Structure formats: C-alpha cells, structure tokens
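All of these numbers come straight from a predicted model, not from anything done at the bench. Counting starts at 1 for both ligands and their atoms, following the listed order. In what follows, residues are counted from 1 in the order of the sequence shown.
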Amino acid sequence: MASSMSINVLFSFIVLFSASCAVSYTIQDQFYQCITLHSDRSIPFSTAFFTPTSNATSFDSVLNSTALNLRCLEPPRQKPLLIFTALIESDVQAAVMCAKELKIQLRVRSGGHDYEGISFTSALGRSVPFILLDFAKLRAIKVDIEDNSAWVQAGATIGEVFYRISEKSKIHGYPAGLCTSLGIGGHITGGAYGPMMRKYGLGADNVVDARIVDASGRVLDRALMGEDLFWAIRGGGGGSFGIILAWKLRLVPVPSTVTVFTVPKTLETGATKLLNKWQHVAHKIDEDLFIRVVITTVNSTEGKKTVQTAYQALFLGRTDRLLEVMNHSFPELGLTRKDCVEMSWIQSVIYIAGFPSNTKPEFLLRGKSLFPAVYFKAKSDFLYVPVPETGLVGMWKKFLQEDSPIMIWNPYGGMMGKISESSIPFPHRKGVICMIQYLTPWTEGDMKTADKHISWIREFYEYMGTFASKFPREAYVNYRDLDLGMNKNANPTFLEASVWGKKYFKNNYDRLVVVKCKVDPDNFFWHEQSLPILPFKFGQDGKSLIH
Ligand SMILES: Cc1cc2nc3c(=O)[nH]c(=O)nc-3n(C[C@H](O)[C@H](O)[C@H](O)COP(=O)(O)OP(=O)(O)OC[C@H]3O[C@@H](n4cnc5c(N)ncnc54)[C@H](O)[C@@H]3O)c2cc1C
C-alpha cells in the first residue's frame, strides 16, 4: 500500500511532522495523516473523516445514522474523537495500523444495532478516547447460486443480503435475524438467530469462510487464519479478535411457498394457559415451524391495560401441512386456515420484520429499521424448564407495572439442539426451551426517566431469575448487557471477565481466551466486554508459554 504513496503526500507529511516540534497536532490530524500515508489513494478529509470540531453537523449525522439505542448517545457516554468511513478494504488495514501507531482505541460499527451501543460510543469514560471505523460504505454482496454461497461485506444489512439472494433464486435463503436492518458484520459475530433456526441453526452455523483484518493489519481468510480463529469469530462476540471485512455464507434451501401467521391472545382470552402449553410444545414441534411469542401490553376491549401474547410464525411449507402439524401438536392455539397467509420466502422476511404487507422486497435495500431509534434497555434469559402457571401470573403482574414493556420468547429445539455446544462459541443448544428477550423503551432523554425504566427491567430480571437457567445464568452475547459486568480498563483478569464471559459462552469462554491470547496478545481489540488476555504470551509455535 505505502508503495503507491505519492511523493507529494510524503512531502506534506514530513513538513507537517517536522513542524510538530513547535506545534502540537491533534490526534485527529495525526490519524488522518497516518491514513493518508498508508492508503492506496488520496482521501479528501471531508469525504471520509468526521470530527465534532471540524464538521459537527456531518459528525452528528454520521454518528446517529445507524445508532439505534439513543440511551447510548447521552452523557456520560463518550463519543468518538473521529469517525472514519472506510471506502475500500485497505482503509480498514490502514485504520488498524494507524490506531496502533497512535495508541488509540479503535471501535468498529457495521449495522449499529449493539444493545449497549458500544460499537459507536464508550462507557469507559474520558480516559479512553477512541476512533470509530464505520462500515456503512463497505456493503457489497456477491451471491453465487451454483456454489450455494454468498460473500457479503460487513457493512451490508441482512435485509440487503436476503434481497440479493432472492433476486437470484426463489428457493434459496439464509438463516439470520428477524430485524432486516441488522448489520451482517456484528450480527454473525454473536450467533445470529432467526425464524429458520429450528431448521438450519444460526447464521454463524452457516458461515463457510471469512476475511478479517488482524491486530497486525494483515488480511486473513479461513485458510490463513486457521481453524481456532475461524471458530472464535463465529459467535465469540464482536470486537475481540479482529475486524471482519466479509463473511462467506452458506445458503440454505427454502420452499417457493412458505406460510406465516400471527394469532394474538390476551389475558382475557386465555394467554396464561396458552403460554404454559407453548413452553411444552414449541421446541419439540416440526422443525419447519418456528412460533415465537411477542408479548406487549394493550388496552382490552373494556379499556383496561392488559397483556397481549402474539403467536407469530414462519412455516417452511404450505397451509395444508401447517394445519396438520398444528392440529396434531398445538391445537390449543386454535389456528384456522383464515389465519394463514402463503407467500414467497422474501415476502415472509418482510412480514416477520413487521413491515406493511404491501411493502416491496426492494425496500430492504434501504437498510431501514422498523424499530424506531428510542432509548431502551434490554436483557436476555434462557429457559431449560417451563415457567409454571403461578410464575406466569406473577410475571404478568410485574409486566403490567411498566409503561411499554416488550418480551419476546423464541423457541429452540430442532437443529439448535443437534449442534454441539462447542461447535462454535454460541453455547445455548441442547435442552433449551426458549430464549427470552426483555426490553423496555422510552422516549425522553433525561436521567430520571432512564433510571425509572432501567430499575424496572432489573427488578423484572430478578423476578425471572427463579425460572431462568442457572450456574451460569446464560445470556445472549448479541443482546449485550453491561449490567452483567464490564471491563474497566484494557487489562481485566480472566476471572473478572469470566463473570459475563461464562454467561455468554459457558465452557467455550476458556477456549476463546486462549484464541484471544494467540491472535491479539497485546489486546489491541478491546472494549467493555471484549475477551481478556492472560498474563503470559504464547511462543511462535502457538503452544509454549512466555511469562
Ligand atoms: C431492533 C433489533 C433487532 C434485533 N433482532 C435480532 C434477531 O432477530 N436475531 C439476532 O440474533 N439478533 C438480533 N439483534 C441483536 C443483533 O444481532 C446484535 O445487536 C448485533 O451485534 C448487531 O450487529 P450490527 O452490525 O448491526 O451492530 P454493531 O453495533 O455495528 O456491532 C455490534 C458489535 O459487533 C462489533 N462489530 C461490528 N462490526 C464489526 C466488524 N466488521 N468486525 C468485528 N466486529 C464488529 C461491534 O464493535 C460491536 O461490538 C437485534 C438487535 C436490535 C437492536
């Protein structure tokens, strides 16, 4: 890269830095100059670099562009000193080398959906300034139907991926999330579950290759990075091992016609008994069927606030067979032909994401979220044992105390139970009935309001502790939750980080730490919940230890 650097750039760099004896340059200036030195091309500052001082309006609009959780844009959160929007892959290499050279933290954002916003702001305080590397412009997708695969750059949303696959074939799909604006870059680093998980597993279970930039600035594919690192990046959490440039996805077969339905039940129409039954059947039912339960509060017909449980499903087949499956395994829901809608797989993506039924698939190319940018706090749990009816009744009581709470119960079983816990770092497999997501959104930015809602969700989580998994109380790393603990500096101990590491990764935590030590021994890639390094290094053979 540096070989193509022009004499002019070199000259201006020398002039600038020889002058630095007299004048001190900001870290932003130094980073820009360094990128210019390392880059293959000349990059006008205004097109790819944004700082709060030089171009505040553009800085805010770029920072906020994909930031979904407004809570993470408020003080005491720290914003980046500079945002660098990479345009070509070698920009990413240059960013790593320059951040290293300047000893400044580098954060990476693909889709910006991190629940704690740590891809674009920091909870570590002023003492850890950082630069944000944004992938918004690295979003190319190349689908190869013959090879059953697609190479996707990290900045693409999953909606774009789904669209590009369906553009080439109506009988291919990819098993990833339900919200179409998720960035494929961060999404797969934590697992990536969606409505085809019971049939095909997670997005991360269906990755066959990847290209990453490591802590030395090298680009590595699967063959070059080796199987340990390839294992770690598929579920070991974002921002610990390197920067994903692109994933190679394995496509899966989907029928040309699938069926969807949504059946709501309130407390007044038997929600408690039905959810009790669902816990006994949804993880055992036909693998082609995924029925999640979206739980909210609504006004009942009498105008009283009540709980609504909406049974929302994707069936990889037609209505006739779906009705047979339901009548056999879950007749209590009372599903009728009228509730069922047949459509193509890509239309089902739009349906499940919650877009209006007349939304054209092309809309997915806009990468827009249906979920509005709001303030929110979320948590997750895994159930291995059903919550008894008495527990559900107590749960409703607490649920109704909050303004606009949301719970989503996602069924496991099927393929999820057949893949071993150590196949990739995502460990929540055999025996899981469902994962529960708790979320509370609000719209005012003041601390008092935030405290009120955060206190509610913490209490609710405490109540659910009686029923959730134990030792560890498991959590989904893609539903990042800093309440579980966080690194206060770049040197957390194995034990300190294991507090949340074991919840996210169970026994895979130990192997993840070993991989981390081997591939990033100086802990260049670190953040509030990155994996720690051990107080010794591995020798060149990757096995012997150097203290
Ligand atoms: C509305 C909403 C709906 C969701 N629905 C689902 C769902 O259906 N299924 C599911 O599994 N999850 C879901 N999630 C969670 C989602 O998978 C995670 O938040 C995921 O990390 C988002 O990836 P991103 O690229 O959009 O986020 P980002 O905020 O960009 O990144 C998330 C993390 O990954 C790191 N990262 C980002 N890009 C890279 C990269 N190129 N290389 C290395 N590290 C990187 C970041 O530093 C950060 O730590 C949902 C989240 C939201 C907000």
*Can you tell which part of R107 has a heavy atom less than 4.0 Å from ligand 1: side chain, backbone, both or neither?*
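No part of R107 comes within reach of ligand 1.
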*Is it the side chain, the backbone, both or neither of L68 that has a heavy atom closer than 4.0 Å to ligand 1?*
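Within the 4.0 Å criterion, L68 contacts ligand 1 through side-chain atoms alone.
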Judged by non-hydrogen atoms, does [X] sit under 4.0 Å from ligand 1?
X: Q529; value: no
X: A192; value: yes
X: F120; value: no
X: G194; value: no

*asked:* Considering only residues two or more places apart or on different chains, which pairs with a residue in residues 402-433 satisfy ring pair (Phe, Tyr, Trp, His ring centres under 6.0 Å)?
replied: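 Ring pair (Phe, Tyr, Trp, His ring centres under 6.0 Å) check on residues 402-433 returns F382-Y412, F382-H428, F426-H428, F426-Y476.
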*asked:* Can you tell whether the side chains of R250 and D205 come within less than 4.0 Å, N to carboxylate O?
replied: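 The answer is no: the pair does not qualify as a salt bridge.
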*So does E227 pair up with R222, basic N to acidic O under 4.0 Å?*
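Between R222 and E227 there is a salt bridge, with a charged N closer than 4.0 Å to a carboxylate O.
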*Validation row: Q153, E89 side chains within 4.5 angstrom (heavy atoms)*: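 Yes, at least one pair of side-chain atoms sits under 4.5 Å.
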*If we only count heavy atoms from C-beta on, is the L73 to F120 side-chain gap below 4.5 Å?*
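In short, these two side chains touch, coming nearer than 4.5 Å.
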Quick test: of every protein heavy atom, which one is nearest to [atom], and how far off is it to 0.1 Å?
atom: atom 19 (O) of ligand 1; answer: H113 O, 3.0 Å
atom: atom 43 (C) of ligand 1; answer: G242 O, 3.5 Å
atom: atom 34 (O) of ligand 1; answer: G186 CA, 3.5 Å
atom: atom 38 (N) of ligand 1; answer: S110 OG, 2.7 Å
atom: atom 6 (C) of ligand 1; answer: L182 CD1, 3.6 Å

*Can you name the residues that form a side chain to side chain donor-acceptor pair (under 3.5 Å) with T262, not counting sequence neighbours?*
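Once residues adjacent in sequence are excluded, the partners of T262 under the side chain to side chain donor-acceptor pair (under 3.5 Å) criterion are Y351.
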*Which residue, Q529, E528, H527, R77, forms the side-chain contact (heavy atoms from CB on, under 4.5 Å) with E116?*
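It is R77; the other options fail the test.
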_Which label fits H453 and W442: parallel for a plane angle under 30°, tilted from 30 to 60°, or perpendicular past 60°?_
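Ring orientation, 0 to 90° scale: parallel.
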Heavy-atom distance to [atom]: which of [options] wins?
atom: atom 35 (C) of ligand 1; options: G238, A176, P195; result: G238
atom: atom 9 (N) of ligand 1; options: F241, Y193, F135; result: Y193
atom: atom 42 (N) of ligand 1; options: T66, I184, L132, I244; result: I244

